[in-house]
Amino acid sequence: GVRVGNLESKVGNISWSGSASMNWKQKYGTNNSVIDMWKGKMKIKAHAQVNDNTYVEGVLRGNMNFHDDKNSDVYMQKLYVHHDIGNNLGVNLGKYSQFFGQTGMFFDDEIKGVEATYVFNQLPIHLTVGYGRVNEWKAVVGEKDVTYAQLAGSGFMGHVDYDIEYIKGHSTAHPINIWGAGMTIGVTDKIDVFGDYYKNTKDEKRPVAWTAGIGFGRQDDMRVGSFRVSASYINAEEGALLGGYTYDVSALDALANGASQVKFWAAQADVTIAKNVRLHGEYDFNVKAKDTQVDFDNLATVSLNYVF
């Protein structure tokens, strides 16, 4: 009847996609010794178009530890509503993805809150302002919300991408007032240089975190044989980073294991070995930590990634 017809008419408003990965990676364990892990994850994304100006999006994620089932879980990684207000303003409400910087050293994760993004007319610039809470920042800011703003854009006919960020924590016990900026410059069609810089001006030590690197190639999941390799140097002081970085593994974890500062080199590589199948690798080496009696070893990860 009418209800069945209405349901059938809405089926086309929902699209599905997903990804899966199988990976081996290392992390710092007891006494900062390196331990191996074998893990897998799968994500199913539903995108539902409510009307011309509104959609709802959710990502269901399942993690599995292949050593045992103790850390296996399934949860909603993202669930949010997006509203377009006019031609220039968009609003996200719920738990949504956010990326700060050019490299993701500072943040590449989800925020529970609300944010608004304004796209300027005739300019490749957008301004995002938001308020919310981040699970990955609990250890630093506690159970408190943060306010953030980001101005990002591109120039020189798309050869330069840049961003400026501000993050303010609303916790008197954990003062957070972080300014940051990043830039990527396309030297050629295949070579680019990139970097990020962040400073916590509220902390009495005014800690700083920065990275700079160079990349070669353009990896595309649809083009078999396409690849990208990069190398970067990372120097971070405790209090400048809050957690939620983009890397699968990182010697930045030394900051949560007693080090007041960590410096290291990071190499990354991605290659498309079949349509929608990507081989990914990371290697952090020459790790130097400050104010700790324990040496931090190199870390590595290799993963197979599938999109569908």
Could you check whether D248 pairs with K25 (Lys NZ or Arg NE/NH1/NH2 to Asp/Glu carboxylate O, under 4.0 Å)?
no

Non-hydrogen side-chain atoms of Y148 and I167 separated by less than 4.5 Å
yes

Donor on one side chain, acceptor on other, D161 and Q102, under 3.5 Å:
no

Presence of salt bridge, K78 and D109, under 4.0 angstrom
no

Ring pair (Phe, Tyr, Trp, His ring centres under 6.0 Å) evaluation trace for Y28 with F296:
CA-CA 8 Å; Y28 296 128; F296 289 88; 5.0 Å; yes

Polar contact flag, side-chain donor to acceptor under 3.5 angstrom, N23-S303
no

Output yes when R278 and D270 qualify as a salt bridge under the 4.0 Å nitrogen-oxygen rule, no when they do not.
yes

List the steps and the verdict of ring pair (Phe, Tyr, Trp, His ring centres under 6.0 Å) for F107 and W137.
CA-CA 10 Å; F107 187 73; W137 292 354; 5.0 Å; yes

Scanning both residues in full, the closest heavy-atom pair of K43 with F308 reads O-CZ, 4.2 Å

Any side-chain heavy atom of Y198 sitting closer than 4.5 Å to one from P207?
no

Quick one: do K288 and D295 make a salt bridge, cutoff under 4.0 Å?
no

Test side chain to side chain donor-acceptor pair (under 3.5 Å) on N63 and D73; report intermediate values, then the result.
CA-CA 5 Å; N63 297 323; D73 58 357; 3.3 Å; yes

Of all heavy-atom pairs linking L60 and M76, the shortest is CD1-SD, 3.7 Å

Going through the distances and angles, do N177 and T201 end up as a side chain to side chain donor-acceptor pair (under 3.5 Å)?
CA-CA 6 Å; N177 200 68; T201 60; 2.9 Å; yes

So NZ of K95 and OH of Y75: to nearest 0.5 Å the spacing works out to 6.5 Å

Test log, rule side-chain contact (heavy atoms from CB on, under 4.5 Å), inputs M37 and N65:
CA-CA 8 Å; M37 297 181 295; N65 185 334; 5.9 Å; no

Same cluster or not: are I191 and I185 linked, directly or through other Ile, Leu, Val, Met, Phe, Trp or Tyr residues, by side-chain heavy atoms under 4.5 angstrom apart?
yes

Please evaluate residues D220 and K275 with respect to the criterion salt bridge (Lys or Arg N to Asp or Glu O under 4.0 Å), reporting the C-alpha separation (whole Å), side-chain torsions for both, the decisive distance (0.1 Å), and the verdict.
CA-CA 9 Å; D220 185 336; K275 183 179 178 180; over 6 Å; no

Would you please indicate yes or no on a ring centroid separation below 6.0 angstrom for F120 and Y118?
yes

Taking the ring centre of each residue, are Y283 and W265 less than 6.0 Å apart?
no

NZ/K263: more than 12 non-hydrogen atoms of other groups inside 6.0 Å:
no

For a quick test of reading the model, state the closest non-hydrogen atom pair linking E110 to S97 and the distance between them.
OE2-OG, 3.9 Å

Is the closest side-chain heavy-atom distance between K112 and Y96 below 4.5 Å?
no

Between F99 and G101 the two heavy atoms that sit nearest each other are CE2-O, 3.0 Å

Quick one: sort the W210 and Y233 rings into parallel, tilted or perpendicular, breaks at 30° and 60°.
tilted

Evaluate V287 against N298 for side-chain contact (heavy atoms from CB on, under 4.5 Å), listing each step before the verdict.
CA-CA 6 Å; V287 181; N298 303 336; 4.1 Å; yes

Please determine which of L252, D284, D196, T103 meets the side chain to side chain contact (heavy atoms under 4.5 Å, CB included) test together with I234.
L252

